[in-house]
Amino acid sequence: MLQFVSRGLSGVLIQGRRIIFNKEVKSPCTIATDKSLGPGKHNFEVEFIEKDGRTSVGWMSCPPPSPSFYMTPRHTDKNDIYVSMGGAGFLYPAQVPNGTGVTYAKGAKVLTELDLEENGKGTVRFSVNGTFAGKTDWTWGPVAYPAISCENGVLDCNVNLPS
């Protein structure tokens, strides 16, 4: 069964589908699942119970390369390993507005869908509370890990992963 793991990050509590980044977390940071997903159609949903900082939700082609990795180009030069959407509605690593004006905050449910082809290319779509929020290309290879980044605040969320 797919599950999120903290990979040694202190201050991250994972209890089943509930994930809490507390004040002990050295910001910024990213967690991802213990296993990757291969070609096919995949999705996961994050419900933000408490969101007191910056967040980004998306997919990575490998586990986070360091505890301080964050899925935006502002924090890393490894922009060839992830695709994500931040709460302000920007798509990363392109760092462009999602084109819909849809953002997310506390109380929102963010669904991210990946249609991954055998050749390692695909499409990532985002929606917030059932409203389409943007899409971008996936070109990072034939496997992907669901991932969540957090910075400068407490994050408490429920995550629905594929079984």
Side-chain angles (χ1 to χ4, degrees), residues 2 4 17-21 25 27-33 36-64 68-163:
L2 201 62
F4 274 90
R17 60 186 220 106
R18 188 167 184 193
I19 300 171
I20 300 171
F21 292 77
V25 173
S27 214
C29 66
T30 298
I31 62 169
T33 54
S36 64
L37 297 168
K41 293 179 187 255
H42 309 288
N43 68 71
F44 73 102
E45 182 180 65
V46 180
E47 176 186 11
F48 291 92
I49 299 166
E50 184 65 44
K51 183 184 175 304
D52 186 30
R54 292 172 42 96
T55 59
S56 197
V57 175
W59 301 87
M60 296 186 66
S61 63
C62 60
S68 62
F69 183 84
Y70 189 89
M71 292 187 292
T72 67
R74 192 176 89 159
H75 292 291
T76 182
D77 60 356
K78 295 186 179 297
N79 294 320
D80 59 348
I81 64 170
Y82 69 91
V83 166
S84 70
M85 182 177 129
F90 282 81
L91 300 177
Y92 301 106
Q95 203 163 350
V96 296
N98 60 21
T100 65
V102 176
T103 62
Y104 65 86
K106 177 181 175 179
K109 290 183 180 181
V110 177
L111 177 69
T112 176
E113 302 169 284
L114 172 62
D115 187 355
L116 184 57
E117 300 171 14
E118 294 279 342
N119 66 5
K121 296 183 180 184
T123 303
V124 178
R125 291 175 188 80
F126 298 95
S127 61
V128 177
N129 298 327
T131 301
F132 176 74
K135 72 177 183 174
T136 190
D137 293 331
W138 174 269
T139 58
W140 315 135
V143 298
Y145 293 77
I148 302 169
S149 291
C150 181
E151 176 186 28
N152 294 334
V154 172
L155 171 61
D156 185 348
C157 58
N158 287 322
V159 179
N160 291 317
L161 286 167
S163 48

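The figures that follow rest on heavy atoms only: side chains count, while hydrogens, waters and symmetry mates do not. Residue numbers count from 1 along this sequence. Computed from a predicted structure; not experimentally measured.
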For residues 102-122, tabulate all N or O donor-acceptor pairs below 3.5 Å that involve a side-chain atom, not counting sequence neighbours.
from: Tyr104; atom 1: OH; to: Thr55; atom 2: O; distance (Å): 3.3
from: Tyr104; atom 1: OH; to: Thr55; atom 2: OG1; distance (Å): 3.0
from: Tyr104; atom 1: OH; to: Met85; atom 2: O; distance (Å): 3.2
from: Tyr104; atom 1: OH; to: Gly87; atom 2: N; distance (Å): 3.4
from: Lys106; atom 1: NZ; to: Glu50; atom 2: OE1; distance (Å): 3.3
from: Thr112; atom 1: OG1; to: Trp59; atom 2: NE1; distance (Å): 2.9
from: Asp115; atom 1: OD2; to: Lys41; atom 2: NZ; distance (Å): 3.4
from: Asn119; atom 1: OD1; to: Lys121; atom 2: N; distance (Å): 2.9

Starting from the C-alpha separation in whole Å, work towards a yes-or-no answer on side-chain contact (heavy atoms from CB on, under 4.5 Å) for Ser61 and Trp138. CA-CA 10 Å; Ser61 63; Trp138 174 269; 4.0 Å; yes

Looking at [X] and [Y], what are the two nearest heavy atoms and their distance?
| X | Y | result |
| --- | --- | --- |
| Pro97 | Phe90 | N-CD2, 3.6 Å |
| Cys62 | Tyr145 | CA-CE1, 3.6 Å |
| Pro39 | Pro142 | CD-O, 3.4 Å |
| Glu151 | Tyr70 | CB-CE1, 3.7 Å |
| Met71 | Ser84 | O-OG, 2.9 Å |

Mind checking what makes side-chain contact (heavy atoms from CB on, under 4.5 Å) contact with Phe4, not counting sequence neighbours? Ile14, Ile19, Ile31, Thr33, Phe44, Pro146, Ile148, Val159, Leu161

side-chain contact (heavy atoms from CB on, under 4.5 Å) evaluation trace for Val57 with Phe48: CA-CA 11 Å; Val57 175; Phe48 291 92; 3.7 Å; yes

Assess the residue pair Phe69 and Ile81 against the criterion (side-chain contact (heavy atoms from CB on, under 4.5 Å)); give the C-alpha distance rounded to whole Å, side-chain angles, the decisive distance to 0.1 Å, and a yes or no. CA-CA 11 Å; Phe69 183 84; Ile81 64 170; 3.8 Å; yes

Please check: side-chain N/O of Asn98 versus main-chain N/O of Ala133, any donor-acceptor pairing under 3.5 Å? yes

Taking atom CG of Asn158 and atom CZ of Arg17, what is their separation to the nearest 0.5 Å? 4.0 Å

Quick one: SG on Cys150 to CD1 on Ile20, what's the gap to the nearest 0.5 Å? 11.5 Å

Identified side-chain contact (heavy atoms from CB on, under 4.5 Å) counterpart of Tyr92 within the set Thr72, Val83, Thr136: Thr72

Looking at Pro93, Ser149, Ser56, which one forms a side-chain contact (heavy atoms from CB on, under 4.5 Å) with Tyr82? Pro93

Please name all residues satisfying salt bridge (Lys or Arg N to Asp or Glu O under 4.0 Å) with Asp137, sequence neighbours left out, ordered by chain then number. none

With Arg18 via salt bridge (Lys or Arg N to Asp or Glu O under 4.0 Å) - residues at least two apart: Asp156

Could you give all pairs that pass the side chain to side chain donor-acceptor pair (under 3.5 Å) test and reach residues 123-134, with sequence neighbours left out? none

Is it the case that over 12 heavy atoms from other parts of the model lie below 6.0 angstrom from the NZ atom of Lys51? yes

Is there any ring pair (Phe, Tyr, Trp, His ring centres under 6.0 Å) pair reaching into residues 107-131, and which pairs are they, with sequence neighbours excluded? none

